[in-house]
Amino acid sequence: QVQLVESGGGLVQAGGSLRLSCAASGRTSSSYAMGWFRQAPGKEREFVAGLSRRAGFTYYADSVKGRFTISRDNGKNTMYLQMNSLKPEDTAVYFCAAAAGPLAPRKEYEYDFWGQGTQVTVSS
């Protein structure tokens with residue numbers, strides 16, 4: 001079992017940057033593949049980025065590739081999402097999630113644990 005808490009959201013102008021954090025407690029986050037999802041108002045939750053349990057393979061949605069970077073610090077039991085060149089369409093609640101398998105799936109139903117989310121708002 002792992003508990004996840006996101007932080008780092010806020011209001012930023014288009015073109016700006018934010019770094020989201022996902023702190024894990026309980027079982028260490030290095031025991032899980034990790035992912036970031038987001039949900040905009042009136043839309044379904046969508047995959048943003050994933051990080052495999054070992055080997056550090058990363059995966060990104062096409063909409064964020066080249067702008068967002070997922071990483072983790074096992075010593076701090078924390079995962080990050082560095083978001084650069086933000087666009088208004090990136091506005092959403094961002095969630096971190098943990099999956100028991102080795103890879104980071106793109107489907108939310110394949111994740112076992114979720115954080116409560118953090119709001120990111122990008123103004124034009």
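Hydrogens, waters and symmetry mates are skipped; everything else that's a heavy atom, side chains included, is used. Starting from 1, each residue takes its place in the sequence as its number.
- Taken from CD in Glu6 to SG in Cys22, the straight-line distance is 5.5 Å, to the nearest 0.5 Å.
- Thr118 and Gly8 make their closest contact through OG1-N, 4.3 Å (heavy atoms, listed as atom of the first residue, atom of the second, distance).
- For the pair Arg72/Met34, a side-chain contact is recorded, criterion being any heavy-atom separation below 4.5 Å from C-beta on.
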Practice item. Apply side-chain contact (heavy atoms from CB on, under 4.5 Å) to the pair Leu86 and Leu18, showing each step before the final yes or no. Key: CA-CA 8 Å; Leu86 282 161; Leu18 282 174; 4.2 Å; yes
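- With no hydrogens or angles considered, a side-chain donor-acceptor pair links Ser17 and Asn84 at under 3.5 Å.
- In the hydrophobic clustering of this structure, Val122 does not group with Val93; members are Ile, Leu, Val, Met, Phe, Trp, Tyr whose side-chain heavy atoms approach within less than 4.5 Å, directly or through other members.
- Contact of the Leu20 side chain with the Tyr80 side chain is not registered, since no non-hydrogen atoms from C-beta on lie closer than 4.5 Å.
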Point to revise | side-chain contact (heavy atoms from CB on, under 4.5 Å) between Thr58 and Tyr60, intermediate numbers included | key: CA-CA 7 Å; Thr58 57; Tyr60 296 96; 3.7 Å; yes
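- Between Val120 and Met83, the closest side-chain pair of non-hydrogen atoms falls below 4.5 Å.
- No donor-acceptor distance shorter than 3.5 angstrom exists from the side chain of Ser52 to the backbone of Ala33, with no hydrogens or angles considered.
- Val5 and Leu51 are members of different hydrophobic clusters when ILVMFWY side chains are connected at heavy-atom separations under 4.5 Å.
- When side chains are defined from C-beta on, Thr91 counts as touching Gln119, because their heavy atoms get closer than 4.5 Å.
- Cation-pi geometry between Arg53 and Tyr32 is not met at under 6.0 angstrom from the ring centre and within 45 degrees of the axis.
- With hydrogens and angles disregarded, a donor-acceptor distance shorter than 3.5 Å links the side chain of Asp112 to the backbone of Ala100.
- Arg67 places a side-chain N or O within donor-acceptor distance of the main-chain N or O of Ser85, the cut-off being under 3.5 Å.
- Judged purely by atom type and a 3.5 angstrom limit, Thr78 uses its side chain to pair as donor or acceptor with the backbone of Lys76.
- Lys87 and Asp90 are not joined by a salt bridge, as no carboxylate oxygen comes within less than 4.0 angstrom of a charged side-chain nitrogen.
- Rounding to the nearest 0.5 Å gives a distance of 11.0 Å between CZ of Phe37 and CZ of Phe95.
- Side-chain atoms of Gln82 do not come within 3.5 Å of backbone N or O of Thr69 as any donor-acceptor pair.
- How far CD of Glu89 is from OG of Ser124: 10.0 Å, rounded to the nearest 0.5 Å.
- Here the side chains of Pro102 and Arg54 are not in contact, with every heavy-atom distance at 4.5 Å or above.
- At least one side-chain heavy atom of Ile70 sits under 4.5 Å from a side-chain heavy atom of Trp36.
- In this structure, OH in Tyr111 is found 10.5 Å from SG in Cys96, a value given to the nearest 0.5 Å.
- With hydrogens and angles ignored, the 3.5 Å screen pairs no side-chain donor or acceptor of Glu108 with any backbone N or O of Phe47.
- Not one N or O on the side chain of Asn77 forms a donor-acceptor pair closer than 3.5 Å with the backbone of Asn74.
- The shortest distance between side-chain heavy atoms of Tyr59 and Leu103 falls below 4.5 Å.
- Tyr94 does not carry Arg38 over the face of its six-membered ring by the limits of under 6.0 Å from the centre and within 45° of the normal.
- Val48 has its side chain within reach of Leu81: a pair of non-hydrogen atoms, C-beta onward, lies under 4.5 Å apart.
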